[in-house]
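This one's a predicted model, so the numbers in the text were calculated from it and none came from an experiment.
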Amino acid sequence: MDDLDEHLLARLRENARAPVAELARALGLSRTTVQSRLARLERSGVIAGYAVKLAPTYAAGRVHAFIMLTVEPKQAAAVTSALKRMPGVTRLQSVSGPFDMIATAEAAGVAEMDAIIDEIGAVKGVERTNTSLVLSTKFDR
């Protein structure tokens, strides 16, 4: 990975559907060079896929939360497996500090989010949770 690869990835984060010709113009490279770099980044696993980024107007109507979890000893794998099956949980990260994991959740409304939080709290191996609802997103890359 070099600076050009980093700039290419930054452009793709802004618009993963940008045509190769547009990326090449923005980076001052040839189309062939950009295509080769993209292929190399995909082959090496740096680019694992391309995703849909939801419109702010859609996302604004949804409730997002960070749910911090304290997990009982030796239960991390079981908790991870259980949360992976929950469609409202979009991300689970292992962290340092006072909590063991942080789950990111998304729901259509407060009642649905409350149900997701209750479901997480009921998972065998989850000792306790602490939830922060997202009030606004200042930027998202």
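- The distance from atom CZ of Arg25 to atom CZ of Arg11, rounded to the nearest 0.5 Å, is 11.0 Å.
- Proximity of a side-chain donor or acceptor of Ser132 to a complementary backbone N or O of Phe66 within less than 3.5 Å is not detected.
- Interatomic distance, Glu106 CD to Ile116 CD1, rounded to the nearest 0.5 Å: 8.5 Å.
- When the side chains of ILVMFWY residues are joined at heavy-atom separations under 4.5 Å, either directly or via intervening members, Val95 and Leu69 end up in two distinct hydrophobic clusters.
- Taking CD1 from Ile67 and CD from Glu119, the interatomic distance works out to 10.0 Å, rounded to the nearest 0.5 Å.
- For Asp100 and Arg128, the salt-bridge test fails: no basic side-chain N is under 4.0 Å from an acidic carboxylate O.
- Here the side chains of Asp118 and Met113 are not in contact, with every heavy-atom distance at 4.5 Å or above.
- Taking all atoms of both residues into account, the shortest heavy-atom contact from Val79 to Lys124 is CG2-O, 3.8 Å.
- Between Leu92 and Ile102, the closest side-chain pair of non-hydrogen atoms is not below 4.5 Å.
- Between Thr104 and His64 the shortest side-chain heavy-atom distance does not fall below 4.5 Å.
- Of all non-hydrogen atoms in Leu133 and Ala65, the two that sit nearest each other are CD2-CB, 3.6 Å.
- When side chains are defined from C-beta on, Leu9 counts as touching Met1, because their heavy atoms get closer than 4.5 Å.
- By the 4.5 Å heavy-atom criterion applied to side chains, Leu12 and Asn15 are not counted as neighbours.
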Task: Candidate pair Thr33 and Ser36, rule side-chain hydrogen bond (donor to acceptor under 3.5 Å, both in side chains), full reasoning - done: CA-CA 5 Å; Thr33 300; Ser36 296; over 6 Å; no
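- Rounded to the nearest 0.5 Å, atoms OG1 (Thr129) and CE (Met101) are 13.5 Å apart.
- The backbone N or O of Ala77 lies less than 3.5 Å from no partner atom in the side chain of Ser81, so there is not a single donor-acceptor pair.
- Contact record, Val134 with Thr137: CG1-OG1, 4.1 Å, taken as the closest heavy-atom pair.
- Pairing each heavy atom of Val110 with each of Val63, the nearest pair is N-CG2, 3.8 Å.
- Between Asp5 and Val46 the shortest side-chain heavy-atom distance does not fall below 4.5 Å.
- Note: the hydrophobic cluster containing Leu8 also contains Leu29 (ILVMFWY, side chain heavy atoms under 4.5 Å, direct or indirect links).
- Shown here is Arg40, whose CZ atom has more than 12 heavy atoms of other residues, nucleotides or ligands within 6.0 Å.
- A distance of 6.5 Å separates OG1 in Thr131 from CE in Met68, rounded to the nearest 0.5 Å.
- Nearest heavy-atom pair, Val123 versus Ala82, reported as atom, atom and distance to 0.1 Å: CG1-CB, 3.7 Å.
- Taken to the nearest 0.5 Å, the OH atom of Tyr50 stands 3.5 Å off from the CD atom of Glu42.
- Residues Val89 and Ala103 come closest through the heavy atom pair CG1-CB, 4.1 Å.
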